[in-house]
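Input: a single structure, listed below in structure tokens.
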Amino acid sequence: MTAISLPARKPGKASPATLVSATFATVRARLLIVSRYKGQLFNEILTPIVLAAMPILLGRATAGDRAAEVFLANTGTANYVGFMLIGSATFVIVSNAFWHIANWLRWEMETGTLESIYLTPTHRVFVAAGTGIYSTSRSTVGAFVAYLIGSAIMGINPFQGDLLIAFLFILCGLIPLFGMTLFYGALVLKLKEANAMLNLMQWVVNFLMGVFFPITVMPAAAQLVAKLFPPTWMTNGVRSAMLGVGYFFGEWYLDLAVLWFFMLAAPMLGIWAFKKIENSVRRNEGVGQF
Amino acid sequence: MLGTVVIENLSKTYHTKQRKGLFKSIPRDVESLKGISLEVEEGEIFGLLGPNGAGKTTMIKILSTLLLPSSGSARLNGYDVVADDNAVRATVGCMLMGDRGLYWKLTGRENLIYFGALYHYSPADRKRRAQEIIDMLELGDLADRSVETYSSGQKMKLAFGKSLINDAPLLILDEPTNTLDVPSASELRAIVRQKNQQEGKTIIYTTHIMAEAETLCDRVAIIDYGQLLAIGRVPELKASLGREHITRIAGVIPSKAVEAVKALPAVSQATLGSVDGVAELTVMSHNGADTLARLIEVLGQIGATIQKITPQDVTLEDVFIAKTGRTLAENTAVETGAKK
Ligand SMILES: Nc1ncnc2c1ncn2[C@@H]1O[C@H](COP(=O)(O)OP(=O)(O)OP(=O)(O)O)[C@@H](O)[C@H]1O
Ligand SMILES: [Mg+2]
């Protein structure tokens with residue numbers, strides 16, 4: 001019998017470096033795949049602009065010339081155009097994160113590639129992370145371009161306030177977002193269904209994170225629920241930094257600290273749920289059924 | 001340890017629902033594996049045979065860690081499929097779902113490189129390994145075309161290539177020739193044999209085509225309804241039928257022929273199948289020559305028209321027929337039990 005040559009590494013023992021590498025290989029694979037479908041980026045830029053235009057025009061229609069004045073009284077900024085544009089841009093990032101993870105899972109279930117991934121020693125959470133990084137970088141670029149174009153069309157200055165802090169809020173908001181999408185992905189894995197849930201999510205998220213209005217105008221109970229939702233802190237942080245609408249806890253670092261807490265808690269909860277549901281699926285029909 | 005499989009009392013029950021119209025459903029348990037024990041030795045090509053629905057894929061999915069067993073255990077390369085699942089994944093190469101499981105929008109090479117990353121190869125090693133596989137399977141220019149443009153045979157070849165990425169000492173192939181035409185199938189079998197003979201890889205190969213198992217496998221296990229019917233070297237299994245004679249009779253044969261023929265004292269088993277649209281009666285008897293005259297007589301009485309009579313050597317298919325009274329082409333009906 002000839003000697004068997006195993007690759008020069010201990011089987012199943014992955015190092016942090018190989019896992020990071022596998023994660024970025026996933027980002028690369030996703031980018032390659034999407035590059036073979038044209039016209040996607042265009043959609044991504046158009047959506048936030050159209051989304052923001054509706055309430056801006058509604059505001060002008062109902063409040064007329066006094067729109068800015070009324071808005072200032074309610075929110076702390078007269079710049080309702082910037083407010084809406086920031087809201088819709090962050091909303092697109094959040095909503096895309098959910099769509100991408102759900103569509104990723106559904107699509108890979110149907111093509112059988114999910115089983116292929118499960119055959120390898122890289123844990124699915126890293127492949128999901130790669131998908132998450134791909135999703136957020138893609139939609140962050142799209143949302144940013146949309147914000148710039150939207151500002152130009154509506155005639156506002158896109159760069160005002162404390163841009164560095166705004167950037168920090170976006171960065172720190174993306175990680176808990178990943179944790180939440182993982183949690184959501186686990187549901188898709190179990191229920192083998194994405195669209196109905198996504199549609200519902202879409203509106204709940206839109207409402208909770210205060211895309212078109214400050215959450216301070218919501219009933220107290222709804223405000224509490226909204227504050228359990230990390231993207232709410234992200235959106236409000238960006239608006240406060242740029243437009244001065246006011247942090248929930250008064251200071252930017254206190255609000256950011258809350259996001260830091262979510263940064264730990266949400267991924268932990270997400271990974272825990274994903275592993276748990278994944279095992280229950282493996283105990284029964286497996287991830288190959290759809 | 002490497003290249004071995006030890007399966008002990010492996011069982012798997014799927015919990016499903018039997019649908020009754022739109023809203024109603026009754027919980028049903030499907031027992032796909034019922035306590036199978038067997039061992040695969042280092043360096044052998046081990047065939048897992050059984051008709052559709054026998055439980056082959058279920059078994060393979062447990063061995064490849066896609067499914068968790070309901071009870072029992074399995075160790076591959078010395079690693080337990082439940083406790084050491086990642087070590088199993090790292091040391092086993094699998095081809096499970098034919099040409100599914102590949103990214104059709106990526107090229108063959110991009111597929112191999114991506115999966116190389118998931119097997120923890122460094123970026124340089126991924127490229128090198130992908131190139132090795134491309135050369136080995138003679139994919140040539142195909143490697144840089146997107147998979148969606150491949151023929152189904154080419155996709156299967158790439159799927160097989162994917163199972164080689166981690167250069168595992170143990171390969172698990174679930175009906176790899178399923179959708180291939182005759183020349184492609186024999187080409188793939190030749191590569192499998194080569195991997196076994198030149199690199200000493202252990203291979204588990206499932207199929208429902210007995211002839212394929214006969215030409216390729218050192219040892220086979222025949223499973224049916226989730227149970228192990230027989231296991232052994234191919235010649236041993238054939239010899240286990242003793243001095244049985246096999247006679248195949250083709251023609252226009254009514255289905256009642258089976259019962260009529262079985263009533264003859266020397267006949268131990270009879271099944272009716274069809275080959276290229278012509279009915280074929282396979283008869284197993286203790287004394288071929290003497291029974292032949294009686295067979296012809298009985299068939300004549302029930303109005304059969306005989307076109308051809310061929311005495312034949314025992315095949316693996318006959319082993320299956322002797323054990324079950326069915327041919328392999330007959331589907332295993334889904335066996336379900338109401339939930340207690
Ligand atoms: N997810 C599932 N839920 C319920 N029953 C299932 C499921 N998957 C398979 N089965 C049943 O388990 C039994 C074994 O199926 P399996 O796919 O293992 O057979 P197989 O030997 O691979 O057949 P084939 O040759 O057709 O591929 C069948 O009766 C099948 O209907
Ligand atoms: Mg099968």
Side-chain angles (χ1 to χ4, degrees), chain A residues 1-37 107-124 126-127 130 278-289, chain B residues 2-3 14-16 42-43 61 64-70 77 79 84-94 96-107 110-111 113-123 125-126 129 146 159 162-163 165-169 197-201:
Chain A
M1 193 121 309
T2 40
I4 292 157
S5 65
L6 258 189
R9 71 199 145 73
K10 218 170 159 228
K13 274 274 185 288
S15 71
T18 62
L19 289 171
V20 169
S21 180
T23 306
F24 280 94
T26 303
V27 177
R28 195 183 124 79
R30 305 261 125 235
L31 284 172
L32 281 172
I33 291 169
V34 79
S35 73
R36 282 151 209 185
Y37 293 96
W107 180 67
E108 300 231 5
M109 268 180 207
E110 280 168 28
T111 56
T113 43
L114 194 63
E115 279 193 337
S116 293
I117 290 169
Y118 270 81
L119 289 174
T120 73
T122 296
H123 198 280
R124 285 65 58 190
F126 294 96
V127 181
E278 174 181 279
N279 268 340
S280 107
V281 172
R282 279 174 66 216
R283 207 169 296 121
N284 198 11
E285 77 282 6
V287 297
Q289 312 271 318
Chain B
L2 287 183
Y14 292 106
H15 306 287
T16 58
E42 187 188 339
K61 283 192 171 177
S64 57
T65 77
L66 288 179
L67 291 178
L68 291 168
S70 304
N77 298 319
Y79 300 111
D84 315 314
D85 52 352
N86 253 350
V88 171
R89 291 183 192 116
T91 57
V92 173
C94 297
L96 289 201
M97 41 254 145
D99 54 10
R100 282 163 45 79
L102 298 165
Y103 292 93
W104 286 25
K105 282 282 170 191
L106 298 182
T107 67
E110 286 165 346
N111 267 284
I113 290 176
Y114 176 50
F115 283 108
L118 299 186
Y119 279 102
H120 305 313
Y121 279 112
S122 71
D125 286 347
R126 274 168 226 170
R129 185 67 190 149
S146 71
K162 184 170 82 66
S163 76
I165 290 178
N166 56 340
D167 198 12
Q197 287 171 355
Q198 295 179 2
E199 297 170 32
K201 290 189 194 297

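For the numbers below, each heavy atom of this structure counts, side chains included, while hydrogens, waters and symmetry mates do not. Chain A is the first sequence line, chain B the second, and so forth, proteins listed ahead of strands; every chain is numbered from 1.
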Largest heavy-atom contact set with chain B, pairs under 4.5 Å, which of [options]:
{"options": "V281(A), L119(A), L19(A)", "value": "L119(A)"}
{"options": "I33(A), L32(A), T120(A), V127(A)", "value": "T120(A)"}
{"options": "I117(A), L114(A), T26(A)", "value": "T26(A)"}

For [X], which atoms come within 4.5 Å of any heavy atom of chain A: side chain, backbone, both, or neither?
{"X": "L96(B)", "result": "side chain"}
{"X": "L102(B)", "result": "backbone"}
{"X": "D125(B)", "result": "neither"}
{"X": "R126(B)", "result": "side chain"}

If you tally heavy-atom pairs under 4.5 Å against chain A, which of T65(B), D84(B), L66(B), N77(B) wins? L66(B)
Listed partners of S116(A) passing side chain to side chain donor-acceptor pair (under 3.5 Å), at least two apart: K162(B)
Under-4.0 Å salt bridge between K61(B) and E115(A): yes
Parallel, tilted or perpendicular: which one describes the rings of Y103(B) and W107(A), with boundaries at 30° and 60°? tilted
Can you pull out every salt bridge (charged side-chain N to carboxylate O under 4.0 Å, His left out) where at least one residue sits in residues 20-29 of chain A? Sequence neighbours excluded, please. none
Mind checking the CD1-CD1 spacing from I113(B) to I165(B)? Nearest 0.5 Å is all I need. 9.5 Å
Whether the side chain of R89(B) engages the backbone of Y118(A) through a donor-acceptor N/O pair (distance < 3.5 Å, no angle test) should be reported. yes
Can you find a pair of side-chain heavy atoms, one from N111(B) and one from Y114(B), that are under 4.5 Å apart? no
Can you tell which part of T23(A) gets under 4.5 Å to a heavy atom of chain B, answering side chain, backbone, both or neither? neither
